[in-house]
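Remarks on the structure that follows.
So you know, we letter chains A, B, ... as the sequences are listed, proteins then strands, and number each from 1. Scope of the values below: all heavy atoms of this structure, side chains included, with no hydrogens, waters or symmetry mates.
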2 protein chains.
Amino acid sequence: MGTKNISMAVIRRLPKYHRYLGDLLDKDIQRISSKELSDIIGFTASQIRQDLNNFGGFGQQGYGYNVEALYNEIGKILGLDKKYNAILIGAGNLGQAIANYSGFRKAGFEIKALFDANPRMIGLKIRDFEILDSQEIESVVKENEIDIAILCIPKNGAQEIVNRLVSVGIKGVWNFAPIDLEVPKDVIVENVNLTESLFTLSYLMSEIE
Amino acid sequence: MGTKNISMAVIRRLPKYHRYLGDLLDKDIQRISSKELSDIIGFTASQIRQDLNNFGGFGQQGYGYNVEALYNEIGKILGLDKKYNAILIGAGNLGQAIANYSGFRKAGFEIKALFDANPRMIGLKIRDFEILDSQEIESVVKENEIDIAILCIPKNGAQEIVNRLVSVGIKGVWNFAPIDLEVPKDVIVENVNLTESLFTLSYLMSEIE
DNA sequence: TAGATTGTTAATCGATTAACAATC
DNA sequence: TAGATTGTTAATCGATTAACAATC
């Protein structure tokens with residue numbers, strides 16, 4: 001039930017607003033103007049006001065924005081109050097790091113199970129979770145009302161896993177596999193592509209020397 | 001020594017071109033038109049031609065592009081032929097995962113040392129590397145001509161570490177700490193912000209239901 | 001040659017910035 | 001009230017798409 005059509009550019013700035021407002025809150029700062037926020041966050045004051053007004057008039061003329069109220073509003077816009085059940089597939093180095101990542105709670109995501117295809121990994125314990133056989137993905141997703149899958153597997157086989165996940169009703173994928181997954185349009189995929197990030201760094205480095 | 005001013009939008013598409021061309025190469029496909037590439041990569045043919053022509057005329061009228069030649073050209077544009085020495089700071093879960101990440105070689109980056117501030121981590125071995133005390137960062141950077149630092153540390157203290165790195169001549173940072181680092185303008189920072197990615201997924205999930 | 005497809009210019013679209021009336 | 005700052009419209013800027021002459 002989105003309001004207007006919010007552009008991806010705006011959406012990707014929202015977490016940054018949330019983070020900076022959280023920092024201000026930690027410093028007990030109660031109000032901030034778009035100009036002051038501009039100085040610390042680096043977007044123009046005009047852009048900040050435009051961005052926020054996509055979602056509502058959170059400010060007050062002559063005063064600015066109440067930090068705590070705005071922080072909470074953006075949290076709601078980001079859906080941080082919603083709860084989602086997640087599974088993590090691929091319990092290798094990266095998968096284990098992500099499984100231990102503390103940010104999930106803040107985003108309302110709860111990991112319910114870990115999977116791996118490697119027989120030697122199955123049965124090992126990571127945090128509170130025993131690593132399960134990938135064959136059990138379908139049954140676990142169905143029985144635990146899993147909404148989201150976190151993919152920490154190589155690109156080979158990733159599409160096949162996603163097809164299986166989609167077929168049992170998964171609605172979102174946090175994808176660390178270096179591949180562009182094909183999914184029905186009502187399934188959300190958010191990619192974290194380390195290779196693309198590293199190659200971008202390589203490009204920028206080679207430009208300066 | 002950049003050519004024109006290439007926009008970030010274009011730069012961030014380059015790794016994707018490289019990846020898809022690599023896939024085509026693996027399939028022994030020798031030539032491709034912008035239209036065919038458009039069908040598989042999802043950018044418009046027009047955009048593909050515009051993007052590539054920022055760097056040179058790699059195609060041939062009536063024929064299209066030679067896959068191998070274009071793959072190699074984009075590799076060069078990305079600076080994948082350049083060699084950089086790197087250190088990794090923060091050998092926790094994520095740091096270890098990144099240290100084991102195989103993508104570095106392809107990008108020409110070689111990790112020379114790992115550091116951690118936790119006394120209990122120091123001396124442990126990850127791959128071929130003993131984890132060193134963070135106090136030794138300066139001397140190791142100087143003695144090994146380190147170009148790049150990979151930051152896998154919490155946000156508290158990250159800016160201070162970066163200041164130290166900059167003072168001994170680091171030129172690039174691959175930053176996994178959830179903070180916007182301040183660096184001189186000739187130092188490159190490429191961020192991988194897992195929280196921002198996760199919050200974006202949360203937003204998009206909350207939109208569909 | 002005829003057909004295909006590029007390289008490139010022009011047109012369009014969307015995002016950012018500027019300006020200012022509204023109003024707290 | 002006077003000053004400050006928003007919300008919002010208008011102007012600008014930049015990126016994407018369309019079109020087509022050049023040419024392989």
Original post:
Touch check for Ser46(B), heavy atoms < 4.0 angstrom, all strands: base, sugar-phosphate only, or nothing?
Top reply: base
Subject >> By ring-ring contact (aromatic ring centres under 6.0 Å, His included) - contacts of Phe104(B) (at least two apart) >> reply: Tyr101(B), Trp174(B)
Subject >> Base-paired stems in DNA chain D, each at least three Watson-Crick or G-U pairs under 3.5 Å >> reply: C:3-24 with D:3-24
**OP:** Can you spot which of Tyr65(B), Phe43(B), Tyr71(B) makes a ring-ring contact (aromatic ring centres under 6.0 Å, His included) with Tyr17(B)?
**Re:** Phe43(B)
Taking the side chain as C-beta and beyond, is there a heavy-atom pair between [X] and [Y] under 4.5 Å?
{"X": "Leu52(B)", "Y": "Ile74(B)", "answer": "yes"}
{"X": "Thr195(B)", "Y": "Lys155(B)", "answer": "no"}
{"X": "Leu80(A)", "Y": "Ser202(B)", "answer": "yes"}
{"X": "Ile32(B)", "Y": "Leu70(B)", "answer": "no"}

Subject >> Nearest-0.5 Å distance that lies between atom CG in Leu165(B) and atom CD1 in Ile148(B) >> reply: 12.0 Å
Original post:
Quick one, which residues of residues 31-43 of chain A touch DNA chain C with a heavy atom under 4.0 Å?
Top reply: none
Subject >> Which residues share a salt bridge (charged side-chain N to carboxylate O under 4.0 Å, His left out) with Asp180(A), sequence neighbours left out >> reply: Lys16(B), Arg19(B)
Original post:
Which residues in residues 57-64 of chain B have at least one heavy atom lying under 4.0 Å from any atom of DNA chain D?
Top reply: Gln60(B), Gln61(B), Gly62(B)
Subject >> Nucleotide interval of DNA chain C bounded by contacts with chain B (heavy-atom cut-off, under 4.0 Å) >> reply: dA4(C) to dA10(C)
